[in-house]
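In listed order, ligands and their atoms are each counted from 1.
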Amino acid sequence: MTHTIQPDNPEVTPAPDAADLPVFTGSAPKPATTGVPAALKRRIPKYSDLAPLMQFKKPEFSKEARLKRASTIWDLRDMAKRRTPQAPFDYTDGAAEGEITLRRAREAFLDIEFRPGILRNVSSVDLSTDILGKPSRLPLGIAPTGFTRMMQSEGEYAGSQAAEAAGIPYTLSTMGTASIEDVAAAAPNGRNWFQLYLWTDRDRSLELIERAAKAGNDTLMVTVDTAVAGARLRDVRNGMTIPPALTVKTVLDASYRPAWWFNFLTHEPLTFASLSRYTGTVADLINSMFDPTLTFEDLDWLRETWKGKLVVKGIQTVEDARKVVAHGADGVVLSNHGGRQLDRAPIPFHLLPGVKEAFTKDNSDAAIMLDTGIMSGADIIAALALGADFTLIGRAYLYGLMAGGRAGVDRTLQILEKDMARTMALLGVNKISELTPNHVRLLN
Ligand SMILES: Cc1cc2nc3c(=O)[nH]c(=O)nc-3n(C[C@H](O)[C@H](O)[C@H](O)COP(=O)(O)O)c2cc1C
């Protein structure tokens, strides 16, 4: 049985018969070319064809050659992971609780779209800027990090000397594993800042402040997001102690990372910028040092005591940014401590436009700095476009340090500089001051 398909709608015109179609009157198509063009015919290669292609290089195994193979900060992180025992690597790489804050902070930089300007002459991109009244060759500085010589034995010396060579500020942490005086001597022409954790014991704080001033530090950065230690669960799981204890696990780990252990055991034992030697867990040390009773009155005391530039680090709301400036701060660092304190904390990149707007409204020229989550030069450019005056990097430089000591920190700075220069040129911008919020569209 055959089915005749009737149109559902009788008004639809049925397809015309071939005889009804219009007659094609153009010229007839040319016949297809057959045969293979001479250039596509196979032949035996001649030596003169091969010679220019043969560029075998002697394999290079130097530290510099290895570091050069890193094109991104993530590549340096991979190298760092291979070369550093698990406990110090995780201490650096990890964050608090579910590590949600750190992940969100990094994602925030990715959830944007750049809006480039075309046909601008970008033959001379200049990355220099001013921060707190002095020039910096790049719009970033090195953030304060504790226990740095535990990550790689060159620690603070590598960080401060790389910063000096790059013409950018370096911040020594109260928990740093080199003294204020030793860092000043290692990088005498560098712009060294000191980061302070305030104690209830004013005399101890005062002694540190005086040492920092005497050693030529022009900026004091007081960190205020650490009333108590964050819950850094990787450290708990790894049984991380200062200095790393020799257990069966760490000795086994040492067999895979002999260079780290060799360096660690053959250099000066860890001493601190401000503490005498300490043995115990990081959380215990932090909790014994930090003062949960601090208030804005302590900030007022600090403002009266410190004559140089005063910056408050760990600002997480617009109201607090305004308040610390009203109490005399010369600048703020929008930061959640790299996600290492309160998890699910505000993301500095999201906080930035609100702080910029508030400072503009208040006619305040306090510097807005930002850290947390920066893993590329494009992240820095996005922050500057949205109103930051300056940025700080923590892990980005520590990955370089663990990947190759001083040369590794140099590599971090080279990668970020190249990223920034390229991003600026592709945005059609020559100077940091030309960046505006119009260059960035937030996608979420
Ligand atoms: C290993 C490590 C140690 C840190 N130690 C300190 C410290 O002693 N004082 C401080 O104010 N911030 C400290 N921070 C926070 C950094 O100064 C900075 O806020 C954070 O690293 C920025 O995030 P990022 O690592 O994603 O760049 C530390 C961060 C890391 C990763």
Ring geometry between F264 and W260 (parallel below 30°, tilted from 30 to 60°, perpendicular above 60°)
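Parallel: the ring planes of W260 and F264 meet at under 30°.
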Quick one: sort the F296 and H327 rings into parallel, tilted or perpendicular, breaks at 30° and 60°.
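Taking H327 first and then F296, their aromatic rings sit tilted (interplane angle of 30° to 60°).
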Which residue supplies the protein heavy atom nearest to [atom], what is that atom called, and how far is it?
atom: atom 3 (C) of ligand 1; value: G146 N, 3.5 Å
atom: atom 26 (O) of ligand 1; value: G373 N, 2.8 Å
atom: atom 11 (O) of ligand 1; value: T223 OG1, 2.7 Å
atom: atom 21 (O) of ligand 1; value: G394 CA, 3.5 Å
atom: atom 24 (P) of ligand 1; value: R395 NH1, 3.5 Å
atom: atom 8 (O) of ligand 1; value: S173 OG, 2.7 Å
atom: atom 12 (N) of ligand 1; value: K313 NZ, 3.0 Å

Kindly confirm or rule out a cation-pi arrangement of R411 over Y399, judged by NZ or CZ under 6.0 Å from the six-membered ring centre and within 45° of its axis?
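Verdict for Y399: no cation-pi partner in R411.
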How far apart are the C-alpha atoms of D225 and N336, what are their side-chain angles, what is the distance that settles it, and do they pass the side chain to side chain contact (heavy atoms under 4.5 Å, CB included) test?
CA-CA 7 Å; D225 56 15; N336 54 41; 5.7 Å; no
So, 4.0 Å and heavy atoms of Y197: is ligand 1 close enough to count as a contact?
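Yes; Y197 lies near enough to ligand 1 that a heavy-atom distance drops under 4.0 Å.
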Does ligand 1 have an atom that lies less than 4.0 angstrom from a heavy atom of M151?
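Yes; M151 lies near enough to ligand 1 that a heavy-atom distance drops under 4.0 Å.
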Kindly confirm or rule out an N or O of [X] lying under 3.5 angstrom from an N or O of ligand 1.
X: D371; result: yes
X: R340; result: no
X: P144; result: yes
X: T145; result: no

Can you name the atoms of ligand 1, numbered from 1 with element, that are less than 4.0 Å from a heavy atom of [X]?
X: T92; result: 1 (C), 31 (C)
X: Y91; result: 1 (C), 3 (C)
X: Q195; result: 7 (C), 8 (O), 9 (N), 10 (C), 11 (O)

Sub-4.5 Å side-chain heavy-atom contact between R211 and L208
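With C-beta onward as the side chain, the pair touches.
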Taking all non-hydrogen atoms of both residues, which atom of V183 and which atom of A178 are closest, and how far apart?
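Shortest heavy-atom contact: CG2-CB, 3.9 Å.
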Using every non-hydrogen atom in the two residues, find where A80 and M402 come nearest and quote the distance to one decimal.
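That closest heavy-atom pairing would be CB-CB, 3.6 Å.
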Expected list for residues 425-433: side-chain donor-acceptor pairs under 3.5 angstrom, two or more places apart:
unit_1 : atom_1 : unit_2 : atom_2 : d
N430   : ND2    : N121   : O      : 2.7

To the closest 0.5 Å, what do you measure between CD (E417) and CG (L138)?
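The distance works out to 4.5 Å.
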With a heavy-atom distance limit of 4.0 Å, tell me whether S335 approaches ligand 1 through its side chain, its backbone, both, or neither.
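Side chain only.
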With a heavy-atom distance limit of 4.0 Å, tell me whether L398 approaches ligand 1 through its side chain, its backbone, both, or neither.
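Side chain only; the backbone of L398 stays clear of ligand 1.
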Any residue meeting ring pair (Phe, Tyr, Trp, His ring centres under 6.0 Å) with F359, in chain and number order, not counting sequence neighbours
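Result, ring pair (Phe, Tyr, Trp, His ring centres under 6.0 Å) vs F359: none returned.
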Donor-acceptor contact present, side-chain Q195 to main-chain M221, <3.5 Å
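Between the backbone of M221 and the side chain of Q195 there is no qualifying donor-acceptor contact (under 3.5 Å).
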